Amino acid sequence: MPLAIGLLKGTEYGAVAIAIVVFVKVSSNIYEFTTAFYLTARGKNSIVDSLILVMKMPTLYASALALVLKHFNVALSPIVISGMDTFVGGYSVLGMMIIGLSLAKYEKLILDWKFIGLALLWKHVIYTVAVIVLFSSCFNLSQPEKIVVIMIACNPLASNISAVATLLNVHPEKAACAIMASTLLAVITVPFTISVALKLI
């Protein structure tokens, strides 16, 4: 989301595209911290314990609160809005800190190149191409929607993965290494994918 806001803010389609990005990101977070989190937790916990862990996720309550405030048209104070705008810039920094904290616990880091390679192949090639082809061929998208689909598709692996892996103790070092490699690779793949995909669709 910070990437999308940084690139789209001030552009012709900025306001519309950013609104779509926020909606997609919130939906994605709800999925990650419900279905995906539950399935991951079930690897080491019972059904009841996994459900309890899901119910402890603050993302669910933050999303519910946001929907309630939106429904009742509750206006936030300028101070709160200013703080939230500032937080956008620190969002990525916090994500990198989570990865760093996950890696710092290990005196000797053993890289799982097979896992990293498969994760990068899936996220930066298979998933990205599949999403762009699917949406461009099956949906009649507007230009802002095309931009958002491409940006969401080619983003690196989310730092949320490292947080979930650390919380559930499911190979957090592998998750952190894969995210770090994906983030570094995204410096090349994101601008390349956006430039190519916009010409094709």
Side-chain angles (χ1 to χ4, degrees), residues 1-7 21 24-45 50 53-54 57 59 90-138 146-201:
M1 189 166 66
L3 172 66
I5 293 175
L7 292 177
V21 168
V24 171
K25 185 60 180 175
V26 171
S27 303
S28 175
N29 280 343
I30 291 175
Y31 166 78
E32 289 174 4
F33 289 104
T34 52
T35 305
F37 187 88
Y38 171 79
L39 292 175
T40 305
R42 281 289 289 123
K44 290 190 173 183
N45 301 278
S50 298
L53 287 171
V54 170
M57 291 293 100
T59 303
Y91 188 78
S92 296
V93 177
L94 289 174
M96 294 302 102
M97 287 178 61
I98 292 173
I99 297 172
L101 290 172
S102 299
L103 295 175
K105 295 191 300 182
Y106 302 93
E107 294 182 3
K108 184 178 180 181
L109 192 62
I110 301 176
L111 299 176
D112 188 338
W113 293 110
K114 181 179 180 181
F115 176 80
I116 293 175
L118 290 174
L120 296 181
L121 176 65
W122 165 255
K123 186 63 183 75
H124 289 274
V125 181
I126 300 174
Y127 175 82
T128 300
V129 172
V131 168
I132 293 175
V133 170
L134 174 65
F135 277 86
S136 61
S137 60
C138 299
K146 289 180 181 179
I147 294 172
V148 170
V149 167
I150 295 169
M151 295 189 71
I152 294 296
C154 68
N155 269 345
L157 291 168
S159 59
N160 291 346
I161 298 173
S162 180
V164 171
T166 301
L167 179 62
L168 298 176
N169 194 27
V170 182
H171 302 292
E173 74 287 356
K174 291 185 180 182
C177 287
I179 295 169
M180 183 173 62
S182 178
T183 302
L184 293 174
L185 185 61
V187 175
I188 299 172
T189 59
V190 169
F192 174 78
T193 304
I194 292 175
S195 62
V196 172
L198 284 177
K199 294 178 182 178
L200 295 178
I201 67 172

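Just so we're clear, the structure is a prediction, and the values are computed from it rather than from any experiment. Numbering of residues begins at 1 and proceeds along the displayed sequence.
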Restricting to non-hydrogen atoms, name the atom on [X] and the atom on [Y] that form the minimum distance, rounded to 0.1 Å.
X: Ile194; Y: Cys154; value: CG1-SG, 4.1 Å
X: Ala153; Y: Thr128; value: O-OG1, 3.0 Å
X: Ala165; Y: Pro172; value: CB-CA, 3.8 Å
X: Tyr127; Y: Ile152; value: CE2-O, 4.5 Å
X: Ala41; Y: Leu168; value: N-CD1, 3.6 Å
X: Ser182; Y: His124; value: OG-NE2, 2.8 Å

Would you say [X]'s side chain and [Y]'s backbone share a donor-acceptor pair under 3.5 angstrom?
X: Lys146; Y: Ile132; answer: no
X: Lys174; Y: Leu111; answer: no
X: Ser195; Y: Phe192; answer: yes
X: Ser28; Y: Val24; answer: no

Enter the distance from [X]:[atom1] to [Y]:[atom2] here, rounded to the nearest 0.5 Å.
X: Thr35; Y: Ile30; atom1: OG1; atom2: CD1; value: 10.5 Å
X: Thr166; Y: Ile161; atom1: OG1; atom2: CD1; value: 11.5 Å
X: Leu185; Y: Ile116; atom1: CG; atom2: CD1; value: 11.5 Å
X: Leu53; Y: Phe33; atom1: CG; atom2: CZ; value: 12.5 Å
X: Asn155; Y: Thr189; atom1: CG; atom2: OG1; value: 9.0 Å
X: Glu173; Y: Phe115; atom1: CD; atom2: CZ; value: 9.5 Å

Val164 side chain reached by Glu32 side chain, heavy atoms, under 4.5 Å = no
